[in-house]
Protein chains: 2
Amino acid sequence: MIVESLKDQDSETKILEAAKTVFTRKGMDGATMQEIADEAQISRTSLHYYFRNKEKLFEIIFAESLDRITPRFNKIIEMPIPLFEKIELFVENYLNVLTENPMLPGLIVHEMSRDPHTVFNIINKKGIKLDKLLVQMELEKMGGVLRNFPIEHFVVNIFSLCVFPFLAKPLLEEYLFDNDENKFQQFIEERKKVISESIILFIKK
Amino acid sequence: MIVESLKDQDSETKILEAAKTVFTRKGMDGATMQEIADEAQISRTSLHYYFRNKEKLFEIIFAESLDRITPRFNKIIEMPIPLFEKIELFVENYLNVLTENPMLPGLIVHEMSRDPHTVFNIINKKGIKLDKLLVQMELEKMGGVLRNFPIEHFVVNIFSLCVFPFLAKPLLEEYLFDNDENKFQQFIEERKKVISESIILFIKK
DNA sequence: CTCTTGTCTGACAAAGGTGTCAAAAATAGA
DNA sequence: TCTATTTTTGACACCTTTGTCAGACAAGAG
């Protein structure tokens, strides 16, 4: 109790890592507590000792994953820099986060079709604040830097171009990159410029 | 036996429709045979009579869904028309297909993370033939109509922009469209122009 | 050493899902 | 009508998974 024993910490984080691995690999339905326990190298009963049941565990993993993404973006959005720079920064950061968590989009998409409400709840608490970005865009439209494009499409385009490759990753690796993980990574690296470029072309006058 | 009785047809197609509904709603893992049987308004045992087991049923649904998509595209790709027109036609058709099968992308993405091999097999049999499109693009690059852009990114961009909104549909409806299905549909309609425009901007000289 | 506290486990019961079978029900053909 | 075939079903056995519980085990405090 005094030491808040190391093994505690160890087991708990081991479990969280294992759970993240298994959930992203199999989804909430496909994953079993046994598999998570094996991955964490503890008994299934221990798993239940730390996390009462599968749903709770899943929610924790899911919320934690989102937490890792959004704060960075809100920072970028609030920076006092020109929109085009902001877009470049945003895209680069987003692709970096996704590279570190390549399975996350799939997890979100799947969970969203299984139970959208959970996802909304978490996003409401932790989501990206687009409002400020939109205000800036309206201003720059007035200022004559931007053409009068539809903002919803702008937002959807950015997310589409960034996220989709990770959702289709196995497909791309099979059909475009000879199953070479490095080529995929190279592709994402190139993409940082490609996306900014494409988006800026789309909105500038 | 002679008539290949109507009820046969009925039950079988009822099952296929029900299975498609349930699989797209719950994924292969989340779906149960009972749920499919209920949806088709027959007993679970009858379900097994028509389709030996869940895997078989799923594979059929999955292959059939892909079949509905790809032939159209191969036709468009082979049409003897300029690339820009081809892109517009492709995008419009793709968004139409997706509107008719809005859950399909989610199903494919999920199944791909569960078992990529199945997906590859089906795509190999029924997939889109991009080769001819790529040849045409090289030609038009030579011809000076197109700038020297990276073709992989072009392909990924088109698919990203078309498919992603359907993957994120619940999210978009919640946060952009006040949960109004019509607004989403309106958005997709606008998108036909937006995507072609954005893509053409990206590749033309 | 003994007690307490926190960690872990094996064994169990309960629930849910799958697939099979024999037999009932429906249908077509004679 | 009677028979043969197809379709449908209820009942069953089996397996997997979940979640609980009592008790074992380790470690620090007295």
Given C/dG19, D/dT20, D/dT6, the nucleotide with the shortest approach to the side chain of B/Y49: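 Of the options given, the side chain of B/Y49 lies nearest D/dT6.
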Closest of C/dT18, C/dC8, D/dG19 to the A/N53 side chain is D/dG19
Closest to the 5' end of DNA chain C, once B/M33 and A/L47 are matched to their nearest nucleotides, is A/L47
Does A/D131 have any side-chain hydrogen bond (donor to acceptor under 3.5 Å, both in side chains) partners at least two apart in sequence or in another chain, and if so, which? none
Flag yes if more than 12 heavy atoms outside A/E190 fall under 6.0 Å of its CD atom; otherwise flag no.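 Enclosed: over 12 neighbouring heavy atoms sit under 6.0 Å from CD of A/E190.
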Select base, sugar-phosphate, or nothing to describe what A/T32 touches, counting heavy atoms under 4.0 Å on all strands. sugar-phosphate
Is B/K169 positioned over the aromatic face of B/F177, cation under 6.0 angstrom from the ring centre and no more than 45 degrees off axis? no
Can the positive tip of A/R147 be found less than 6.0 Å from the middle of the six-membered ring of A/F202, inside 45° of the ring normal?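 Satisfied, under 6.0 Å and within 45°.
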Tell me whether the OP1 or OP2 atom of [N] has a side-chain N or O from [X] closer than 4.0 Å.
| X | N | value |
| --- | --- | --- |
| B/S43 | D/dT9 | yes |
| B/T45 | D/dT8 | no |
| B/K54 | C/dT18 | yes |

Establish whether the base of C/dG19 is bridged to the side chain of B/R52 by a donor-acceptor pair shorter than 3.5 Å. no
Rounded to the Å, how far apart are [X] [atom1] and [N] [atom2]?
| X | N | atom1 | atom2 | result |
| --- | --- | --- | --- | --- |
| B/E55 | C/dG17 | CD | C1' | 15 Å |
| A/F51 | D/dT20 | CZ | P | 15 Å |
| A/Q34 | D/dG19 | CD | C1' | 13 Å |
| A/K56 | D/dT20 | NZ | P | 12 Å |
| A/H48 | C/dG10 | NE2 | P | 14 Å |
| A/Q41 | C/dT9 | CD | C1' | 16 Å |
| B/I36 | C/dG17 | CD1 | P | 12 Å |
| A/D29 | D/dT16 | CG | P | 19 Å |

Test of ring centre spacing under 6.0 Å for A/F58 and A/F23: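 Yes, they do, as the ring centres are separated by less than 6.0 Å.
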